[in-house]
**Student:** 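There's a structure below that I have some questions on.
Side chains are part of it too, since the values below use all heavy atoms of this structure and drop only hydrogens, waters and symmetry mates.
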Amino acid sequence: MVITVRGDIELVARAGHLFEGVTREFVCAARDLSTWAQPQAREAVRRRMAWAPGSVVVRKLLSPAALAGEEARRHLRQLAAGRVQVRIAARPLPYETIVIDRSYAITAGDPTAGVREYTVIDEPSLVGGVCSLFDGVWEAATELEAYLGTDRPHLDDAERTVLRMLSLGHTDEAAARRLGVSLRTYRRRVAALMAALEAETRFQAGKRAGELGLTS
């Protein structure tokens, strides 16, 4: 069986029973903590996943972007303290999926107009392939606490100088003049800083730097 559903609500309606029927293992690979976009869907899944503590092996594999905020880090630490195995992949995950008892796989597509399509699979060969991919990335991933101890990025002098210019609120033109570099060079350094901090915007870069204690 391979079925495709559109949106979180339809997924819960068509396949929600799979979440409450877990008996051995529940694994999840996700890019961030927003896989379930609709609050009612998250709550429906949470209610269905009321398993006895320790009765099910739960593993969560996440992209580094899932650690972008301190609230997300606290949440993941709470999960890890509650018997959930959490690991962080070395690179952003190309897919998001859930595997239940190695018998069912649910893969998530990228959102289109804010809505995801999900594919529910119970074909043994296909599920086995998904499990093999997950296991390979899982083995190469880093346990949460170990990752948190090493994910403070190293900023060189140029990147720290750019960070200071951003924190002072200088325009690109003013910052470039102060540093004695061209506007193009300054913007290239800003891009390098954002990449080092895994930030998509300058605001995110500043917030991430503050969380890591890089602004002092």
**Student:** Please confirm whether the backbone N or O of Ala66 pairs with a side-chain atom of Ser63, one donor and one acceptor, at under 3.5 Å?
**Tutor:** no
**Student:** Grouping I, L, V, M, F, W and Y whenever their side-chain heavy atoms are under 4.5 Å apart, do Val22 and Val127 come out in a common cluster?
**Tutor:** no
**Student:** State, yes or no, whether a side-chain contact exists between Ile98 and Val27 at a heavy-atom distance under 4.5 Å.
**Tutor:** no
**Student:** Is there side-chain contact between Asp135 and Arg59, with at least one heavy-atom pair below 4.5 Å?
**Tutor:** yes
**Student:** State, with a plain yes or no, whether a side-chain heavy atom of Tyr104 is found less than 4.5 Å away from one of Ile121.
**Tutor:** no
**Student:** Look up atom OG1 in Thr112 and atom CZ in Arg6, then write down how far apart they are to the nearest 0.5 Å.
**Tutor:** 6.0 Å
**Student:** Looking at Arg187 and Glu173, is there a salt bridge between them, counting it only when a charged N and a carboxylate O are closer than 4.0 Å?
**Tutor:** yes
**Student:** Suppose we screen for side-chain contact (heavy atoms from CB on, under 4.5 Å). Which residues come up paired with Glu200, at least two apart in sequence or across chains?
**Tutor:** Gln204
**Student:** Run the salt-bridge test on Asp172 and Arg184 with the 4.0 Å N-O cut-off and return the result as yes or no.
**Tutor:** no
**Student:** To the nearest 0.5 angstrom, please state how far the SG atom of Cys131 sits from the CH2 atom of Trp138.
**Tutor:** 13.5 Å
**Student:** Without swapping roles, check the side chain of Ser132 against the backbone of Gly128 for a donor-acceptor pair under 3.5 Å.
**Tutor:** yes
**Student:** Do Ile3 and Leu126 belong to the same hydrophobic cluster, where Ile, Leu, Val, Met, Phe, Trp and Tyr are linked whenever their side-chain heavy atoms lie under 4.5 Å apart, directly or via other members?
**Tutor:** no
**Student:** At what distance, to the nearest 0.5 angstrom, does NZ of Lys60 lie from CG of Leu79?
**Tutor:** 6.5 Å
**Student:** Out of curiosity, Thr119 OG1 to Ile106 CD1, how far, rounded to the nearest 0.5 Å?
**Tutor:** 10.0 Å
**Student:** Under 3.5 Å, side chain of Arg24 to main-chain N/O of Asp101, donor-acceptor pair present?
**Tutor:** yes
**Student:** To the nearest 0.5 angstrom, please state how far the CG atom of Leu193 sits from the CZ atom of Arg160.
**Tutor:** 10.0 Å
**Student:** Applying a strict under-4.5 Å side-chain criterion to I, L, V, M, F, W and Y, I'd like to know whether Leu168 and Leu183 cluster together.
**Tutor:** no
**Student:** With a 4.0 Å cut-off, would you call Arg14 and Glu10 a salt bridge?
**Tutor:** yes
**Student:** Quickly, which of Thr4, Thr97, Asp8 forms a side-chain hydrogen bond (donor to acceptor under 3.5 Å, both in side chains) with Tyr118? Name it, please.
**Tutor:** Asp8
**Student:** Is there a side-chain contact between Arg116 and Glu96, using heavy atoms and a 4.5 Å cut-off?
**Tutor:** yes
**Student:** Can you tell me how far CZ of Arg87 sits from OG1 of Thr142, rounded to the nearest 0.5 angstrom?
**Tutor:** 8.5 Å
**Student:** If two hydrophobic side chains count as joined below 4.5 Å and joins carry through other members, does Leu18 share a cluster with Val58?
**Tutor:** yes
**Student:** Got a salt bridge between Glu159 and Arg189, using NZ or NE/NH1/NH2 to carboxylate O under 4.0 Å?
**Tutor:** no
